[in-house]
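Notes to accompany the following structure.
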Amino acid sequence: VQLQASGGGLVQPGGSLRLSCIAHNFTFEYYSLGWFRQVPGKQREGVSAISPSGGTKHYTDSVKGRFTISRDNAKNTLYLQMNSLKPEDTAVYYCAAKWGPIYGNNWGPTTFNDYWGQGTLVTVSS
């Protein structure tokens with residue numbers, strides 16, 4: 001089983017990036033998926049999560065209106081479109097999967113305990 005994140009890089013404030021996470025060797029469409037980020041010295045935090053069907057999406061308050069999560073179950077791929085990027089968005093971004101639905105607002109890093117990707121670095125700086 002493997003989750004492979006890509007799409008990170010250096011971008012100026014106000015710019016955009018699209019992260020991708022491709023999954024290998026598991027039944028993708030039965031899993032909720034999430035994007036998480038971590039800055040050195042800080043705890044990993046949830047950015048966004050999406051239900052197996054894609055019908056339910058969650059966002060942390062700081063990215064609402066700027067980031068959009070989506071998934072293509074036919075391609076086993078998760079996406080995070082990030083617009084209007086800010087320096088405080090700088091972090092290593094990870095994708096993760098958990099079997100089944102997200103219950104209520106319970107989508108933090110500890111609930112995604114099945115699979116994690118290796119992370120991709122996003123740097124927002126002028």
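If you read the sequence from its start, that first residue is 1, and numbering goes on from there.
Annotation: side chain of P52 is in contact with side chain of S32 (closest heavy-atom distance under 4.5 Å). Residues R71 and Y79 form no side-chain contact, since every pair of their non-hydrogen atoms from C-beta on lies 4.5 Å or further apart. Residues F67 and L85 are in side-chain contact: their nearest non-hydrogen atoms beyond the backbone lie under 4.5 Å apart.
Between G104 and H58 the shortest heavy-atom distance is O-CE1, 3.3 Å. A pairwise comparison of heavy atoms in L19 and M82 identifies CG-CE, 3.7 Å as the closest pair. The shortest non-hydrogen separation linking I102 to S51 is CD1-N, 4.4 Å. Taking each heavy atom of L33 and A97 in turn, the nearest pair found is CD2-CB, 3.6 Å. Closest of all the heavy-atom pairs between A91 and Y93 is O-CD1, 3.4 Å.
Taking N105 as the reference, W107 meet the side chain to side chain donor-acceptor pair (under 3.5 Å) condition, with sequence neighbours excluded. F36 pairs by the ring pair (Phe, Tyr, Trp, His ring centres under 6.0 Å) definition with F112, W116, not counting sequence neighbours. Remark: R18 pairs with no residue by the salt bridge (charged side-chain N to carboxylate O under 4.0 Å, His left out) rule, at least two apart or across chains. Listed by chain and number, the residues in a side chain to side chain donor-acceptor pair (under 3.5 Å) with W35 amount to none (sequence neighbours excluded). By the side chain to side chain donor-acceptor pair (under 3.5 Å) test, S16 is found to be paired with N83, residues two or more places apart in sequence or in another chain being considered. In this structure F26 satisfies the ring pair (Phe, Tyr, Trp, His ring centres under 6.0 Å) test together with Y31, Y115, sequence neighbours excluded. For the side chain to side chain donor-acceptor pair (under 3.5 Å) test, residues two or more places apart in sequence or in another chain that qualify with D61 are K64. The side-chain contact (heavy atoms from CB on, under 4.5 Å) search around S48 returns Y59, I69, L80, not counting sequence neighbours. Residues meeting the side-chain contact (heavy atoms from CB on, under 4.5 Å) test with I22, sequence neighbours left out: Q4, H24, T77.
Sorted pairs that involve residues 103-123 and meet salt bridge (charged side-chain N to carboxylate O under 4.0 Å, His left out), not counting sequence neighbours, are lacking altogether. For the salt bridge (charged side-chain N to carboxylate O under 4.0 Å, His left out) condition, the pairs that include at least one residue of residues 25-42, sequence neighbours left out, are R37-E45, R37-D89.
L78 and V47 fall within the same hydrophobic cluster, where Ile, Leu, Val, Met, Phe, Trp and Tyr residues are linked whenever their side-chain heavy atoms come under 4.5 Å apart, directly or through other members.
Distance check, rounded to the nearest 0.5 Å: CG of L3 to CZ of F28 gives 8.0 Å.
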Using a 3.5 Å cut-off and no angle test, enumerate the donor-acceptor pairs between side-chain atoms of residues 119-126 and protein atoms at least two apart in sequence or in another chain.
residue	atom	partner	partner atom	Å
T120	OG1	G8	N	3.1

Would R66 and K86 count as a side chain to side chain contact (heavy atoms under 4.5 Å, CB included) here? Give the steps. CA-CA 10 Å; R66 301 188 298 122; K86 303 176 180 180; 3.8 Å; yes
